[in-house]
Protein chains: 2
Amino acid sequence: METTREHELREAGLRVTRPRLAVLGVLADHPHADADTIVTAAREQHPSLSPQAVYGVLKAFVGAGIARRIEPAGAPALFELRVGDNHHHLVCRSCGAIADVDCVVGASPCLKPSDAAGFVVDEAEVVFWGMCRDCQVEAAAESVQIEERHLNEEHDMIEEHDIREGARA
Amino acid sequence: METTREHELREAGLRVTRPRLAVLGVLADHPHADADTIVTAAREQHPSLSPQAVYGVLKAFVGAGIARRIEPAGAPALFELRVGDNHHHLVCRSCGAIADVDCVVGASPCLKPSDAAGFVVDEAEVVFWGMCRDCQVEAAAESVQIEERHLNEEHDMIEEHDIREGARA
DNA sequence: GCCCTTTTCTTGACCAGTTCAAGAAAGGGG
DNA sequence: CCCCTTTCTTGAACTGGTCAAGAAAAGGGC
(Lines give C-alpha, C1' and ligand atoms only; values in the text may rest on other atoms or scores of the structure.)
Protein backbone atom coordinates (compact mmCIF):
# COMPACT_ATOMS: atom_id res chain seq x y z
CA MET A 1 0.00 0.00 0.00
CA GLU A 2 1.29 3.41 -0.94
CA THR A 3 0.66 4.59 2.56
CA THR A 4 3.40 7.14 2.09
CA ARG A 5 1.66 8.84 -0.77
CA GLU A 6 -1.71 8.54 0.80
CA HIS A 7 -0.21 10.22 3.77
CA GLU A 8 1.20 13.02 1.68
CA LEU A 9 -2.25 13.70 0.36
CA ARG A 10 -3.93 13.58 3.73
CA GLU A 11 -1.22 15.72 5.23
CA ALA A 12 -2.01 18.31 2.62
CA GLY A 13 -5.67 18.17 3.53
CA LEU A 14 -6.68 16.34 0.39
CA ARG A 15 -8.86 13.29 0.07
CA VAL A 16 -7.11 10.20 -1.15
CA THR A 17 -8.38 9.14 -4.53
CA ARG A 18 -7.08 6.94 -7.27
CA PRO A 19 -6.58 9.75 -9.77
CA ARG A 20 -4.63 11.71 -7.20
CA LEU A 21 -2.40 8.82 -6.31
CA ALA A 22 -1.79 8.16 -9.97
CA VAL A 23 -0.88 11.77 -10.69
CA LEU A 24 1.32 11.91 -7.62
CA GLY A 25 3.15 8.85 -8.84
CA VAL A 26 3.69 10.30 -12.27
CA LEU A 27 5.01 13.54 -10.84
CA ALA A 28 7.43 11.58 -8.70
CA ASP A 29 8.75 9.84 -11.81
CA HIS A 30 8.69 12.84 -14.11
CA PRO A 31 9.93 15.87 -12.22
CA HIS A 32 8.70 18.36 -14.83
CA ALA A 33 5.72 16.86 -16.56
CA ASP A 34 3.07 18.69 -18.50
CA ALA A 35 -0.60 17.89 -18.19
CA ASP A 36 -0.63 15.73 -21.28
CA THR A 37 2.32 13.64 -20.18
CA ILE A 38 0.66 13.18 -16.83
CA VAL A 39 -2.60 12.05 -18.37
CA THR A 40 -0.85 9.54 -20.57
CA ALA A 41 1.40 8.16 -17.88
CA ALA A 42 -1.25 8.09 -15.16
CA ARG A 43 -3.56 6.10 -17.38
CA GLU A 44 -1.28 3.12 -16.95
CA GLN A 45 -2.53 2.92 -13.41
CA HIS A 46 -5.95 4.37 -13.99
CA PRO A 47 -7.08 3.94 -17.60
CA SER A 48 -10.31 5.91 -17.39
CA LEU A 49 -8.57 9.04 -16.16
CA SER A 50 -9.73 12.13 -17.98
CA PRO A 51 -7.67 15.20 -18.82
CA GLN A 52 -10.06 17.35 -16.86
CA ALA A 53 -9.58 15.21 -13.81
CA VAL A 54 -5.86 15.76 -14.15
CA TYR A 55 -6.30 19.49 -14.41
CA GLY A 56 -8.47 19.34 -11.33
CA VAL A 57 -5.99 17.20 -9.43
CA LEU A 58 -3.13 19.46 -10.37
CA LYS A 59 -5.05 22.52 -9.32
CA ALA A 60 -5.79 20.84 -5.99
CA PHE A 61 -2.11 19.92 -5.56
CA VAL A 62 -0.95 23.42 -6.32
CA GLY A 63 -3.60 24.89 -4.05
CA ALA A 64 -2.59 22.56 -1.25
CA GLY A 65 1.04 23.44 -1.72
CA ILE A 66 2.33 20.00 -2.65
CA ALA A 67 2.99 20.86 -6.28
CA ARG A 68 4.21 23.87 -8.14
CA ARG A 69 3.21 25.00 -11.57
CA ILE A 70 5.78 26.50 -13.89
CA GLU A 71 5.02 28.04 -17.24
CA PRO A 72 8.04 28.61 -19.40
CA ALA A 73 7.18 31.01 -22.21
CA GLY A 74 5.86 29.23 -25.26
CA ALA A 75 5.38 25.86 -23.60
CA PRO A 76 2.48 24.20 -21.84
CA ALA A 77 2.51 24.39 -18.06
CA LEU A 78 4.73 21.95 -16.19
CA PHE A 79 4.28 20.62 -12.71
CA GLU A 80 6.77 19.56 -10.11
CA LEU A 81 6.61 18.24 -6.58
CA ARG A 82 9.67 20.05 -5.38
CA VAL A 83 8.17 22.95 -3.52
CA GLY A 84 9.13 25.38 -0.82
CA ASP A 85 12.78 25.77 -1.71
CA ASN A 86 12.39 28.44 -4.37
CA HIS A 87 14.65 26.72 -6.80
CA HIS A 88 14.81 27.84 -10.40
CA HIS A 89 14.93 26.32 -13.85
CA LEU A 90 17.11 25.88 -16.84
CA VAL A 91 15.10 25.54 -20.03
CA CYS A 92 16.48 24.25 -23.30
CA ARG A 93 15.41 26.45 -26.18
CA SER A 94 15.48 23.69 -28.70
CA CYS A 95 13.96 20.65 -26.99
CA GLY A 96 12.26 22.15 -23.96
CA ALA A 97 14.17 20.02 -21.49
CA ILE A 98 14.12 21.38 -17.97
CA ALA A 99 16.64 21.13 -15.19
CA ASP A 100 16.45 22.41 -11.66
CA VAL A 101 18.90 24.95 -10.34
CA ASP A 102 19.26 25.73 -6.71
CA CYS A 103 18.45 29.25 -5.75
CA VAL A 104 21.32 31.46 -6.75
CA VAL A 105 21.61 33.37 -3.53
CA GLY A 106 20.34 30.66 -1.28
CA ALA A 107 17.52 31.99 0.76
CA SER A 108 14.18 33.11 -0.52
CA PRO A 109 13.42 35.71 -1.68
CA CYS A 110 16.66 35.12 -3.44
CA LEU A 111 16.67 38.39 -5.24
CA LYS A 112 15.52 41.85 -4.49
CA PRO A 113 14.68 44.15 -7.34
CA SER A 114 16.85 47.23 -7.25
CA ASP A 115 13.78 49.41 -7.37
CA ALA A 116 10.47 47.77 -6.59
CA ALA A 117 8.37 50.66 -7.91
CA GLY A 118 5.98 50.38 -5.01
CA PHE A 119 5.45 46.67 -5.48
CA VAL A 120 5.53 44.26 -2.58
CA VAL A 121 7.48 41.36 -4.00
CA ASP A 122 6.87 37.87 -2.67
CA GLU A 123 8.63 35.73 -5.21
CA ALA A 124 11.50 36.01 -7.60
CA GLU A 125 11.22 33.55 -10.43
CA VAL A 126 14.28 32.92 -12.51
CA VAL A 127 14.40 31.09 -15.80
CA PHE A 128 17.72 30.40 -17.44
CA TRP A 129 17.35 29.94 -21.16
CA GLY A 130 19.90 28.01 -23.10
CA MET A 131 20.68 24.74 -24.75
CA CYS A 132 20.95 21.39 -23.08
CA ARG A 133 23.89 19.11 -23.64
CA ASP A 134 22.05 16.81 -26.02
CA CYS A 135 20.92 19.65 -28.22
CA GLN A 136 24.40 21.13 -28.25
CA VAL A 137 25.71 17.84 -29.55
CA GLU A 138 22.95 17.64 -32.10
CA ALA A 139 23.48 21.20 -33.23
CA ALA A 140 27.17 20.54 -33.60
CA ALA A 141 26.49 17.42 -35.64
CA GLU A 142 24.08 19.35 -37.80
CA SER A 143 26.50 22.14 -38.48
CA VAL A 144 29.02 19.55 -39.56
CA GLN A 145 26.46 18.13 -41.92
CA ILE A 146 25.75 21.55 -43.33
CA GLU A 147 29.43 21.97 -43.92
CA GLU A 148 29.63 18.62 -45.66
CA ARG A 149 26.61 19.52 -47.69
CA HIS A 150 28.37 22.63 -48.83
CA LEU A 151 31.41 20.62 -49.72
CA ASN A 152 29.54 17.94 -51.60
CA GLU A 153 27.28 20.58 -53.12
CA GLU A 154 24.57 19.92 -55.70
CA HIS A 155 23.46 16.76 -53.91
CA ASP A 156 19.96 16.68 -52.55
CA MET A 157 19.41 18.01 -49.09
CA ILE A 158 19.26 15.60 -46.21
CA GLU A 159 16.30 16.79 -44.25
CA GLU A 160 17.24 16.29 -40.65
CA HIS A 161 15.07 18.93 -39.10
CA ASP A 162 12.26 18.24 -36.71
CA ILE A 163 14.18 15.67 -34.71
CA ARG A 164 12.94 17.22 -31.53
CA GLU A 165 12.54 14.23 -29.23
CA GLY A 166 10.21 15.02 -26.38
CA ALA A 167 12.83 15.02 -23.67
CA ARG A 168 10.70 17.47 -21.80
CA ALA A 169 9.71 15.32 -18.85
CA MET B 1 6.35 62.55 -41.27
CA GLU B 2 7.24 59.81 -38.85
CA THR B 3 10.60 59.55 -40.51
CA THR B 4 12.05 58.47 -37.19
CA ARG B 5 9.87 55.42 -36.94
CA GLU B 6 10.16 54.63 -40.60
CA HIS B 7 13.85 54.74 -40.05
CA GLU B 8 13.66 52.38 -37.11
CA LEU B 9 11.89 49.88 -39.30
CA ARG B 10 14.26 50.21 -42.18
CA GLU B 11 17.22 50.03 -39.85
CA ALA B 12 15.89 46.73 -38.64
CA GLY B 13 15.62 45.50 -42.21
CA LEU B 14 11.84 45.69 -42.30
CA ARG B 15 9.66 47.20 -44.95
CA VAL B 16 7.77 50.26 -43.88
CA THR B 17 4.05 49.62 -43.87
CA ARG B 18 1.10 51.27 -42.27
CA PRO B 19 0.31 48.39 -39.92
CA ARG B 20 3.89 48.34 -38.74
CA LEU B 21 4.02 52.04 -38.09
CA ALA B 22 0.75 51.82 -36.21
CA VAL B 23 1.93 48.95 -34.04
CA LEU B 24 5.23 50.68 -33.41
CA GLY B 25 3.36 53.75 -32.26
CA VAL B 26 1.19 51.76 -29.91
CA LEU B 27 4.18 50.02 -28.40
CA ALA B 28 5.84 53.37 -27.83
CA ASP B 29 2.76 54.54 -25.92
CA HIS B 30 2.07 51.30 -24.08
CA PRO B 31 5.34 49.84 -22.88
CA HIS B 32 3.84 46.41 -22.08
CA ALA B 33 0.90 45.88 -24.36
CA ASP B 34 -0.70 42.58 -25.24
CA ALA B 35 -1.80 41.71 -28.75
CA ASP B 36 -5.38 42.66 -28.14
CA THR B 37 -4.54 46.07 -26.73
CA ILE B 38 -2.30 46.68 -29.68
CA VAL B 39 -5.00 45.75 -32.17
CA THR B 40 -7.51 48.02 -30.52
CA ALA B 41 -5.17 50.95 -30.16
CA ALA B 42 -3.59 50.60 -33.57
CA ARG B 43 -6.97 50.66 -35.23
CA GLU B 44 -7.28 54.32 -34.36
CA GLN B 45 -4.66 54.94 -36.99
CA HIS B 46 -5.46 52.04 -39.25
CA PRO B 47 -9.06 50.87 -38.82
CA SER B 48 -8.91 47.83 -41.06
CA LEU B 49 -6.03 46.29 -39.13
CA SER B 50 -6.58 42.63 -38.41
CA PRO B 51 -5.42 40.72 -35.35
CA GLN B 52 -3.47 38.39 -37.57
CA ALA B 53 -1.64 41.29 -39.10
CA VAL B 54 -0.67 42.39 -35.62
CA TYR B 55 0.61 38.95 -34.76
CA GLY B 56 2.58 39.01 -37.96
CA VAL B 57 3.97 42.44 -37.30
CA LEU B 58 4.92 41.53 -33.76
CA LYS B 59 6.62 38.39 -34.92
CA ALA B 60 8.55 40.44 -37.45
CA PHE B 61 9.53 42.96 -34.79
CA VAL B 62 10.71 40.30 -32.42
CA GLY B 63 12.54 38.52 -35.19
CA ALA B 64 14.22 41.74 -36.22
CA GLY B 65 15.21 42.48 -32.65
CA ILE B 66 13.28 45.71 -32.19
CA ALA B 67 10.72 44.21 -29.83
CA ARG B 68 10.75 41.67 -27.09
CA ARG B 69 8.04 39.28 -26.15
CA ILE B 70 7.41 38.48 -22.53
CA GLU B 71 5.00 35.87 -21.29
CA PRO B 72 4.20 36.08 -17.61
CA ALA B 73 2.61 32.83 -16.46
CA GLY B 74 -1.12 32.88 -16.84
CA ALA B 75 -1.32 36.00 -18.96
CA PRO B 76 -1.33 36.68 -22.67
CA ALA B 77 2.00 37.62 -24.18
CA LEU B 78 3.16 41.21 -23.82
CA PHE B 79 5.44 43.15 -26.08
CA GLU B 80 7.91 45.90 -25.38
CA LEU B 81 10.30 47.97 -27.40
CA ARG B 82 12.95 48.13 -24.73
CA VAL B 83 15.40 45.54 -25.93
CA GLY B 84 19.02 44.72 -25.53
CA ASP B 85 19.44 45.73 -21.91
CA ASN B 86 18.26 42.50 -20.32
CA HIS B 87 16.02 44.24 -17.87
CA HIS B 88 13.46 42.31 -15.86
CA HIS B 89 9.87 42.65 -14.75
CA LEU B 90 7.70 43.10 -11.73
CA VAL B 91 4.29 41.57 -12.20
CA CYS B 92 1.30 42.29 -10.01
CA ARG B 93 -0.48 39.10 -9.04
CA SER B 94 -3.85 40.73 -8.73
CA CYS B 95 -4.11 43.17 -11.62
CA GLY B 96 -1.34 42.02 -13.91
CA ALA B 97 0.37 45.39 -13.98
CA ILE B 98 3.95 45.26 -15.15
CA ALA B 99 6.91 47.40 -14.25
CA ASP B 100 10.43 47.28 -15.54
CA VAL B 101 13.34 46.60 -13.24
CA ASP B 102 16.89 47.18 -14.23
CA CYS B 103 19.03 44.12 -14.27
CA VAL B 104 19.96 43.21 -10.73
CA VAL B 105 23.59 42.62 -11.35
CA GLY B 106 24.00 44.99 -14.22
CA ALA B 107 25.23 43.19 -17.25
CA SER B 108 23.47 40.47 -19.13
CA PRO B 109 23.44 37.59 -18.53
CA CYS B 110 22.97 39.04 -15.10
CA LEU B 111 22.97 35.75 -13.31
CA LYS B 112 24.83 32.55 -13.61
CA PRO B 113 23.19 29.36 -12.43
CA SER B 114 25.22 27.74 -9.70
CA ASP B 115 25.24 24.50 -11.64
CA ALA B 116 24.28 24.65 -15.28
CA ALA B 117 23.87 20.87 -15.65
CA GLY B 118 25.58 20.91 -19.00
CA PHE B 119 23.41 23.69 -20.36
CA VAL B 120 24.85 26.61 -22.24
CA VAL B 121 22.90 29.53 -20.83
CA ASP B 122 22.33 32.60 -22.95
CA GLU B 123 19.70 34.46 -20.99
CA ALA B 124 18.55 34.78 -17.44
CA GLU B 125 14.98 35.92 -17.21
CA VAL B 126 13.74 37.18 -13.89
CA VAL B 127 10.15 37.80 -12.95
CA PHE B 128 9.35 39.36 -9.61
CA TRP B 129 5.87 38.48 -8.48
CA GLY B 130 4.06 40.66 -6.03
CA MET B 131 1.43 43.27 -5.63
CA CYS B 132 1.45 46.75 -7.09
CA ARG B 133 0.79 49.78 -4.97
CA ASP B 134 -2.78 50.23 -6.20
CA CYS B 135 -3.71 46.67 -5.41
CA GLN B 136 -2.13 46.89 -2.00
CA VAL B 137 -4.31 49.87 -1.22
CA GLU B 138 -7.36 48.11 -2.55
CA ALA B 139 -6.59 44.94 -0.60
CA ALA B 140 -6.15 46.95 2.57
CA ALA B 141 -9.47 48.70 2.06
CA GLU B 142 -11.14 45.37 1.44
CA SER B 143 -9.72 43.74 4.56
CA VAL B 144 -11.02 46.65 6.60
CA GLN B 145 -14.48 46.06 5.16
CA ILE B 146 -14.29 42.39 5.99
CA GLU B 147 -13.25 43.21 9.52
CA GLU B 148 -16.18 45.58 9.94
CA ARG B 149 -18.51 42.96 8.61
CA HIS B 150 -17.24 40.50 11.18
CA LEU B 151 -17.68 42.94 14.02
CA ASN B 152 -21.17 43.92 13.01
CA GLU B 153 -22.39 40.48 12.26
CA GLU B 154 -23.82 38.24 14.93
CA HIS B 155 -20.58 36.42 15.63
CA ASP B 156 -20.53 33.99 12.76
CA MET B 157 -17.48 31.89 12.83
CA ILE B 158 -14.49 33.70 11.59
CA GLU B 159 -13.10 31.18 9.20
CA GLU B 160 -9.44 31.80 9.31
CA HIS B 161 -8.25 28.57 7.82
CA ASP B 162 -6.85 28.35 4.34
CA ILE B 163 -4.96 31.55 4.65
CA ARG B 164 -2.00 29.84 3.12
CA GLU B 165 -0.36 32.92 1.70
CA GLY B 166 1.68 32.21 -1.36
CA ALA B 167 4.98 32.83 0.34
CA ARG B 168 6.59 30.56 -2.13
CA ALA B 169 9.64 32.63 -2.74
C1' DG C 1 -20.25 -2.10 8.01
C1' DC C 2 -23.71 1.23 6.05
C1' DC C 3 -25.71 5.66 5.13
C1' DC C 4 -25.37 10.38 4.09
C1' DT C 5 -23.09 14.60 2.90
C1' DT C 6 -19.45 16.53 0.54
C1' DT C 7 -15.93 16.27 -2.60
C1' DT C 8 -14.21 14.65 -6.76
C1' DC C 9 -14.34 12.55 -11.26
C1' DT C 10 -16.42 11.90 -15.96
C1' DT C 11 -18.32 13.63 -20.01
C1' DG C 12 -18.98 17.18 -23.11
C1' DA C 13 -19.28 21.93 -24.38
C1' DC C 14 -16.79 25.98 -24.68
C1' DC C 15 -13.19 29.73 -24.64
C1' DA C 16 -8.90 32.56 -25.32
C1' DG C 17 -4.85 33.17 -27.50
C1' DT C 18 -2.42 32.15 -31.25
C1' DT C 19 -1.15 30.05 -35.69
C1' DC C 20 -1.89 28.38 -40.50
C1' DA C 21 -3.35 29.04 -45.45
C1' DA C 22 -4.77 31.31 -49.68
C1' DG C 23 -5.46 35.05 -52.21
C1' DA C 24 -5.38 40.34 -52.54
C1' DA C 25 -2.74 44.33 -51.86
C1' DA C 26 1.09 47.09 -51.12
C1' DG C 27 6.36 48.04 -50.91
C1' DG C 28 10.32 49.36 -53.35
C1' DG C 29 14.41 48.15 -56.51
C1' DG C 30 15.21 48.26 -61.35
C1' DC D 1 6.27 52.81 -63.77
C1' DC D 2 6.56 47.75 -63.65
C1' DC D 3 7.31 43.55 -61.60
C1' DC D 4 8.62 40.58 -58.02
C1' DT D 5 8.52 39.92 -53.28
C1' DT D 6 6.79 40.72 -48.90
C1' DT D 7 2.97 41.71 -46.21
C1' DC D 8 -1.83 42.19 -45.09
C1' DT D 9 -6.74 40.50 -45.12
C1' DT D 10 -10.01 37.08 -44.43
C1' DG D 11 -11.36 32.94 -42.56
C1' DA D 12 -10.51 28.50 -40.56
C1' DA D 13 -8.18 25.71 -37.37
C1' DC D 14 -5.49 24.22 -33.37
C1' DT D 15 -3.72 23.96 -28.54
C1' DG D 16 -3.97 24.34 -23.86
C1' DG D 17 -7.03 24.95 -20.66
C1' DT D 18 -11.72 26.20 -18.16
C1' DC D 19 -16.75 25.70 -17.04
C1' DA D 20 -20.94 23.02 -15.92
C1' DA D 21 -23.94 19.14 -14.77
C1' DG D 22 -24.60 14.84 -13.31
C1' DA D 23 -22.47 10.24 -11.70
C1' DA D 24 -19.31 8.18 -8.60
C1' DA D 25 -16.66 7.60 -4.57
C1' DA D 26 -14.44 9.33 -0.06
C1' DG D 27 -14.91 9.13 4.65
C1' DG D 28 -17.26 10.74 9.15
C1' DG D 29 -21.22 9.38 12.15
C1' DC D 30 -24.13 5.84 13.59
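Only heavy atoms go into these numbers, but all of them, side chains included; no hydrogens, no water, no symmetry mates. Treat the numbers as computed from the prediction; the structure is a model and nothing was measured.
Listed candidates were C:dT6, D:dT18, C:dG28. Nearest to the side chain of A:R15 is C:dT6. With C:dC9, D:dG17, D:dT9 as the choices, the nucleotide that has an atom nearest any side-chain atom of A:Y55 turns out to be D:dG17. Here the side chain of A:S48 is nearest to one of C:dT10, D:dT18, C:dT18, namely C:dT10. The nucleotide whose nearest atom lies closest to any side-chain atom of B:A53 is, among D:dT9, D:dA26, C:dG12, D:dT9. Of the listed nucleotides (D:dT18, C:dC9, D:dT9), C:dC9 has the atom at the smallest distance from the side chain of A:T17. Relative to the side chain of A:K59, the nucleotides D:dG17, D:dG27, D:dC19 differ in distance, and D:dC19 lies closest.
Between the P atom of D:dG17 and the CG atom of A:D36 lies a distance of 9 Å, rounded to the nearest Å. As a whole-Å value, the separation of B:I70 CD1 from C:dT18 P is 12 Å. For the pair B:R69 CZ and C:dT19 P, the interatomic distance rounds to 5 Å; values are reported in whole Å. As a whole-Å value, the separation of A:I38 CD1 from C:dC9 P is 14 Å. One atom, CG of B:L58, and another, P of C:dG17, lie 14 Å apart when rounded to the nearest Å. Here the P atom of nucleotide C:dT10 and the CZ atom of A:R20 are 11 Å apart, to the nearest Å. The interatomic distance linking B:E71 (CD) with C:dA16 (P) rounds to 19 Å, in whole Å. The CG-C1' distance, from A:L21 to C:dT8, rounds to 13 Å in whole Å.
Applying the 4.0 Å criterion to OP1 and OP2 of D:dG27, one finds that A:R10 has a side-chain N or O inside that range. When the side-chain nitrogen and oxygen atoms of B:H46 are compared with OP1 and OP2 of D:dT9, one or more of them lie within a distance under 4.0 Å. Contact between the side-chain N/O atoms of A:R18 and the OP1/OP2 oxygens of D:dA25 is not found at any separation under 4.0 Å. Residue A:R43 has no polar side-chain atom (N or O) positioned under 4.0 Å from OP1 or OP2 of C:dT10.
Judged by distance alone, with hydrogens and angles left aside, A:Q52 brings no side-chain donor or acceptor close enough to the base of C:dT11 to form a pair under 3.5 Å.
Applying the side chain to side chain contact (heavy atoms under 4.5 Å, CB included) test between A:R69 and each of A:L58, A:V62, A:L78 identifies A:V62 as the sole match.
Taking OH from B:Y55 and CD1 from B:I38, the interatomic distance works out to 9.0 Å, rounded to the nearest 0.5 Å.
Distance alone, capped at 3.5 Å, places no donor-acceptor pair between the B:T37 side chain and the B:A33 backbone.
Counting non-hydrogen atoms under 4.0 angstrom, B:A60 reaches nothing in the nucleic acid.
For B:R133, the CZ atom counts as loosely surrounded, since its 6.0 Å shell holds 12 or fewer non-hydrogen atoms of other residues, nucleotides or ligands.
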